[in-house]
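This report refers to the structure that appears directly beneath it.
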Protein chains: 2
Amino acid sequence: MKPSTSIQDYLKRIYELTENGSPASTNDLARELNIKPASVTGMIQKLASEKPALLEYQKHQGVTLTSAGKKAALEVIRHHRLLETWLVQTLGYSWDEVHEEAERLEHVISEDFERRIAAALGHPLRDPHGELIPTADLKMPLDDSTPLSALRKNQSGKILSIKGADADLLRHLDGLGLTPNTMIEVTDYSPFDHNLSIKVNKKNIVLGLSITSKIFIEES
Amino acid sequence: MKPSTSIQDYLKRIYELTENGSPASTNDLARELNIKPASVTGMIQKLASEKPALLEYQKHQGVTLTSAGKKAALEVIRHHRLLETWLVQTLGYSWDEVHEEAERLEHVISEDFERRIAAALGHPLRDPHGELIPTADLKMPLDDSTPLSALRKNQSGKILSIKGADADLLRHLDGLGLTPNTMIEVTDYSPFDHNLSIKVNKKNIVLGLSITSKIFIEES
DNA sequence: TATAAAATTTAGTCTTGCCTAAATTATTTT
DNA sequence: AAAATAATTTAGGCAAGACTAAATTTTATA
């Protein structure tokens, strides 16, 4: 049986919160899901004790996904990212408008629908935010991107994604032309403060480590 | 507040069942919704007694929509029919594959999404089945179609829709090339048995009243 | 290391929306 | 018009998934 919309949301968030290797805490999950911690405890206890368990849980120790749970999560994430890509490409949504729409659609599209948009888009590797799209067989592709902070003078590449930036920073970066798919070139590197001088759209700007570590690049 | 998915389904079905002017019965609604009659009674009692009532109901007398209820129903129907049109045109669904998908999507798309696909499709008047699409201001357009059974020798037109046919008949008609958008021409009329001879795709076929009354035409 | 603070869990409740079984009301049949 | 049948409603229940308040456990602080 396909998990309910609620459960799909739990799995998706748990996947994200456990990408760093450590289990997800009740509180963090509650915050991500906009749900009270007590409700989260109830749900994960139920999920952990089902026939083929989707997650593993020990009191006060947080929760991790089983491989079945991971698959179910990747299915939802694949739907989400394909939908975002598709909404942007076929309906002219901008990259910051699509999230909410995809958040609702991801739970109701059929596998057939998923196949159709994947094919129509040419089986894309990343969504408009630069996030990797899980493959059709539900594996997360390896991330071959490099943080901008790792580049040095004369290296260049294409921006793939920006991670861990809040809305404010995102707007700021957007203003500088630093969005996914933009080409950049490092013109100078200051070993002292780790500032990078880069050229974007013919303009030169200098960025500090707090920013360059959040921008991910495909080297060229 | 936007009605829940369940309530949207109730409203949609009630709209359809009351198009003939008479109220919808508990039993008919239950059948359409694949729900037990007792459950229907419960739900319509609740809906009839809410702040701005979406429907009117008297025990044992069936149910009708208020104008607010009608609007909400038309909103869902508009979503459904726009979605079907759009899935067929942009993702290569065939007209008989889209229903289920639209049935789920109709409840979760935003007004923005609705506007975008309506615009992308050029604000179509009918869906792939030939059904009229409610307008953006939630009115059902007048139906200017004529049953094929009303045509006589030398009249011609385009098939708009086929109504009240079961899957079997639909397949049969499909085999004869009788699908929405096909041009037809009446070559003869038999007043005795009401049979019509018509030309479709260069071929001549004869149809009885039981069929011609289900095919709707735009005269030309 | 005792205590305060934070995180988590338990217990009990609520709403939505469905179900079954039994009771009631309408409609047909005879 | 009474009896049989069909439709509808009432009553009581259940599962999902959320909430609050209170209890407990863990972690951090003094």
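Everything quoted here is computed from the prediction, not taken from an experiment.
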Within residues 31-53 of chain A, the residues having a heavy atom closer than 4.0 Å to DNA chain D are I35(A), K36(A), A38(A), S39(A), M43(A), K46(A)
Inset, instruction - Would you tell me if any nitrogen or oxygen in the side chain of S6(B) comes within less than 4.0 Å of OP1 or OP2 on dT16(C)? - result: no
Taken in chain and number order and not counting sequence neighbours, the residues that satisfy salt bridge (Lys or Arg N to Asp or Glu O under 4.0 Å) with E106(B) are K12(B)
With sequence neighbours left out, the residues meeting salt bridge (Lys or Arg N to Asp or Glu O under 4.0 Å) with K71(B) are none
Rounded to whole Å, CD1 of I7(B) lies from P of dT16(C) at a distance of 8 Å
Under 3.5 Å: donor-acceptor pair, side chain of R116(B), backbone of G92(A): yes
B/S/- along nucleotides 2-7 of chain C (protein heavy atoms under 4.0 Å) is -----S
side-chain hydrogen bond (donor to acceptor under 3.5 Å, both in side chains) filter on S161(A), not counting sequence neighbours, yields none
Residue set satisfying side chain to side chain contact (heavy atoms under 4.5 Å, CB included) with S110(B), at least two apart, ordered chain then number -> Y93(A), E101(A), R104(A), D112(B), F113(B)
Atom CD of Q58(B) and atom C1' of dA26(C) are separated, to the nearest Å, by 16 Å
Quiz item: Does Y10(B) place a side-chain N or O at less than 4.0 Å from the phosphate oxygens OP1/OP2 of dC18(C)?
Solution: yes
Sequence neighbours excluded, the answer for salt bridge (Lys or Arg N to Asp or Glu O under 4.0 Å) partners of D168(A) is R171(A)
Here the side chain to side chain donor-acceptor pair (under 3.5 Å) pairs for residues 36-46 of chain B, sequence neighbours left out, are none
Counted 5' to 3', the first and last nucleotides of DNA chain D within 4.0 Å (strictly under) of a heavy-atom of chain A are dG17(D) to dT26(D)
H194(B) meets the side-chain hydrogen bond (donor to acceptor under 3.5 Å, both in side chains) criterion, sequence neighbours left out, with Y189(B)
With sequence neighbours left out, the residues meeting salt bridge (Lys or Arg N to Asp or Glu O under 4.0 Å) with D143(B) are R126(B), K163(B)
Would you list the atom pairs, donor with acceptor, under 3.5 Å between side chains in residues 205-214 of chain B and any protein atom, with sequence neighbours excluded?
from, atom 1, to, atom 2, distance (Å)
T212(B), OG1, G208(B), O, 3.3
T212(B), OG1, L209(B), O, 3.4
S213(B), OG, L209(B), O, 2.9

